[in-house]
Protein chains: 2
Amino acid sequence: MFSEKMDLRLPGPVQVPKEIQIAMQQSFDHPMMDYRNPAFQEVLQETIEKSKMIFQTNNLVIPLTASGASALETAIINTIGPNDTIILCVVGYFGEYLQGITNHIGCKVVRVDAEWGEIVDPEDVRKALKENPEAKAVFATHCETSTSALNNIKEIAAIVQETEAIFMVDAVSSIVGAPLYMDEWGIDIVATGGQKALMLPPGIALITMSEKAWNVIENHQCPSFYFDLKEYKKGLESGLGTPYTPNIALVCGLREACNMIERGGGIENEYKRHAALRDMTRAGVRALGLELLVEDAAASPTLTAVKLDNADAFRKMMREEFHIALGGGLGKVKNKILRLGHMGYTDAADMLKMFAAMELALKKSGHEVELGAGVSGAQRHWLENPNC
Amino acid sequence: MFSEKMDLRLPGPVQVPKEIQIAMQQSFDHPMMDYRNPAFQEVLQETIEKSKMIFQTNNLVIPLTASGASALETAIINTIGPNDTIILCVVGYFGEYLQGITNHIGCKVVRVDAEWGEIVDPEDVRKALKENPEAKAVFATHCETSTSALNNIKEIAAIVQETEAIFMVDAVSSIVGAPLYMDEWGIDIVATGGQKALMLPPGIALITMSEKAWNVIENHQCPSFYFDLKEYKKGLESGLGTPYTPNIALVCGLREACNMIERGGGIENEYKRHAALRDMTRAGVRALGLELLVEDAAASPTLTAVKLDNADAFRKMMREEFHIALGGGLGKVKNKILRLGHMGYTDAADMLKMFAAMELALKKSGHEVELGAGVSGAQRHWLENPNC
């Protein structure tokens with residue numbers, strides 16, 4: 001009966017709101033949606049203008065018809081060659097991802113590590129830059145989706161800004177949910193995807209560059225044809241559009257997502273709303289007697305990791321009995337954590353539902369748990385902070 | 001942000017499952033969907049065959065392109081004229097509806113009443129039939145949607161069956177959720193709509209008649225052209241289809257609804273599932289300290305009415321703060337009750353979400369309520385009866 005019913009409490013993809021579904025659907029049969037038609041170019045330019053808000057930037061935002069991962073690679077291959085040095089901040093699975101990309105290039109990598117669940121000490125970045133003055137770039141993950149830890153991008157940016165190196169940020173699972181002020185903080189490249197707090201189905205990535213970054217890019221031979229940013233800049237600035245066929249439906253969806261954020265009170269309101277959902281979720285987890293993976297000060301507003309043995313059997317029960325999908329552990333925390341997504345089109349009642357179902361699933365799988373405990377912990381938080 | 005987000009805990013319409021949305025959408029552009037085309041006639045015949053299951057009948061099921069209310073009128077105007085007597089069982093707003101229809105005809109009406117929230121005593125029907133031996137029909141509401149009381153159709157049917165009168169049932173809000181065995185119980189006409197436990201968007205009504213009813217219909221001049229059942233029978237039995245353009249999308253949606261019920265384990269499983277959701281809901285309401293309008297023995301499996309002063313302000317808060325729509329009171333219980341829908345595409349976690357949000361809304365509106373109380377009451381019930 002319920003084979004298609006599923007609440008996505010995942011760290012992405014998330015539920016696609018009806019407005020976005022309709023905007024995408026309309027693009028399939030609207031006559032103006034030939035992508036070389038001036039009418040679509042207007043939509044594209046409008047979408048690019050609107051999406052600057054989500055990066056808090058005045059820089060050109062480039063949409064890539066590809067997943068978020070491609071934007072990370074695009075940032076690196078447009079700036080770093082085999083003879084260059086790059087400093088990677090690695091605090092989990094998606095930090096290792098960056099290492100995978102640089103391995104592919106064969107450049108020199110200097111790592112600034114922290115334990116999974118913790119964040120990088122910005123002073124370690126300063127030290128790495130001092131010890132490797134030739135470093136051409138520093139790359140840090142904003143929200144480490146595998147642990148729900150949020151790196152201190154503002155402080156790292158301030159440190160990198162004092163050097164010749166450019167600072168690149170993976171904001172795939174943080175954008176819209178966690179504050180990120182590209183221009184004010186001095187970030188040089190921000191890469192993200194649409195399927196997290198932007199509420200789109202997967203298939204579009206966004207990347208934006210500072211002038212400092214463009215200076216590097218213009219003097220660098222990009223080994224990829226499809227991901228050569230110089231071509232995108234040329235096409236978009238001349239009004240011709242993207243060099244290759246854009247994902248028209250997702251561009252239309254992105255415009256609607258930006259409109260929804262504007263109608264909902266703007267991006268600052270999204271930051272507040274996500275922070276409130278995070279705090280409510282953490283209150284509920286604590287009231288359930290479960291242990292959080294990340295400390296309060298480093299907790300991402302978009303998802304929350306919770307320690308749990310045999311987490312994957314628990315997730316299966318949540319899916320099958322209650323039609324709620326939770327995220328699981330990746331890499332070395334596989335089967336040891338739950339990742340509870342609270343990004344995008346999620347409200348307080350959705351989180352209460354999740355806790356109510358978790359209580360039953362914990363009970364059924366033999367845990368000591370007081371029925372209603374997690375729910376009432378989250379409820380009490382909500383009553384005191386009704387911002388969700 | 002959440003302008004389109006709404007959980008429908010209404011007594012209908014209910015959430016339309018994705019499978020049904022897709023089945024309806026496909027009908028818009030599939031070339032076979034010209035309704036006079038033999039391919040659509042196959043779909044129509046298949047849908048009619050499948051939908052016999054939801055009435056537990058072998059009689060012809062007729063789809064009307066109209067709301068559920070039209071099927072009630074169709075039942076009456078195809079059998080009753082100005083000189084006839086009809087016995088109406090009235091236990092709430094939708095019982096009064098039947099009175100409205102009969103007023104329009106100007107026939108003689110004999111009422112068998114019960115208080116709102118209670119059900120008809122079948123012995124009162126026997127008495128009315130004895131006192132009015134000329135009565136041509138008895139009409140009873142199965143689930144009285146305004147109060148959530150479920151009339152004892154089986155016993156009333158047994159009584160009417162002993163007479164010349166035909167027995168008609170309004171099964172709009174009971175079908176699929178509450179057991180109804182048309183042939184076994186001896187009901188002569190069942191009328192229903194698609195937008196309740198059948199999970200369809202509004203716009204289609206279904207009606208089915210026993211041989212005893214058809215004998216009356218064939219000898220009766222129906223004052224309506226559009227709702228003349230003789231024409232539908234002729235068209236459907238000859239393979240030409242419905243006499244007037246059918247709602248093609250909803251016929252396709254109805255076929256998919258029947259397929260979903262079959263895949264989910266069949267109609268008996270739906271009865272069990274709805275009864276379990278009702279019992280869980282009642283446990284939650286009691287644990288919240290609120291008063292149920294209807295006694296256990298007469299409670300409908302599809303919705304639950306709860307007494308609450310200023311219910312409409314409370315419903316507004318539930319919609320605005322938690323994006324959950326609850327039903328309100330109609331007629332003389334307006335603003336005095338909540339009606340909690342648990343029909344169709346609703347699972348246990350949906351009900352827990354509703355209780356968690358209700359606790360907060362009760363607290364915010366000044367009620368004494370222990371956080372987690374309603375949720376844990378419903379959870380305890382679920383643990384002991386995990387059938388929802």
Review point. Using a distance-only test with no angle check, is there a side-chain donor-acceptor pair under 3.5 angstrom linking A:Glu19 and B:Ser3?
Key: yes
When the 4.5 angstrom heavy-atom criterion is applied to B:Met358 and chain A, the contacting part is neither
Decide yes or no for A:Lys363 and B:Trp382: does some side-chain heavy atom of the first lie under 4.5 Å from some side-chain heavy atom of the second?
no
Query - B:Glu368, CD atom: more than 12 neighbouring heavy atoms under 6.0 Å - result: no
ask   = Does a salt bridge link A:Lys353 with B:Asp7, judged by any charged N lying under 4.0 Å from a carboxylate O?
value = no
Looking only at B:Ile324, B:Asp350, B:Ile261, most heavy-atom pairs under 4.5 Å shared with chain A are made by B:Asp350
All heavy atoms of B:Met1 vs all of A:Tyr345, minimum pair found to be O-CE1, 3.4 Å
Checking B:Gln379 side chain against A:Ala356 main chain: does a donor-acceptor pair fall under 3.5 Å? yes
| query | Is there side-chain contact between A:Val375 and B:Leu352, with at least one heavy-atom pair below 4.5 Å? | reply | no
So, the part of A:Glu262 with a heavy atom under 4.5 Å from chain B: the answer is neither
All heavy atoms of B:Ser376 vs all of A:Gly372, minimum pair found to be CB-N, 4.1 Å
Counting heavy-atom pairs under 4.5 Å with chain B, the top scorer among A:Ala349, A:Ala357, A:Gly377 is A:Ala349
Do B:Glu4 and A:Ile22 have side chains that approach each other closer than 4.5 Å (heavy atoms only, starting at C-beta)? no
Ranked by heavy-atom pairs below 4.5 Å to chain A, first place among B:Met260, B:Lys18, B:Arg263, B:Lys5 goes to B:Lys5
One option among B:Glu370, B:Glu270, B:Met354 has the most heavy-atom pairs under 4.5 Å with chain A, and it is B:Glu270
A:Thr346 and B:Phe2 have their tightest heavy-atom pair at O-CZ, 3.2 Å
Bottom line for A:Met351: the part with an atom under 4.5 Å from chain B's heavy atoms is neither
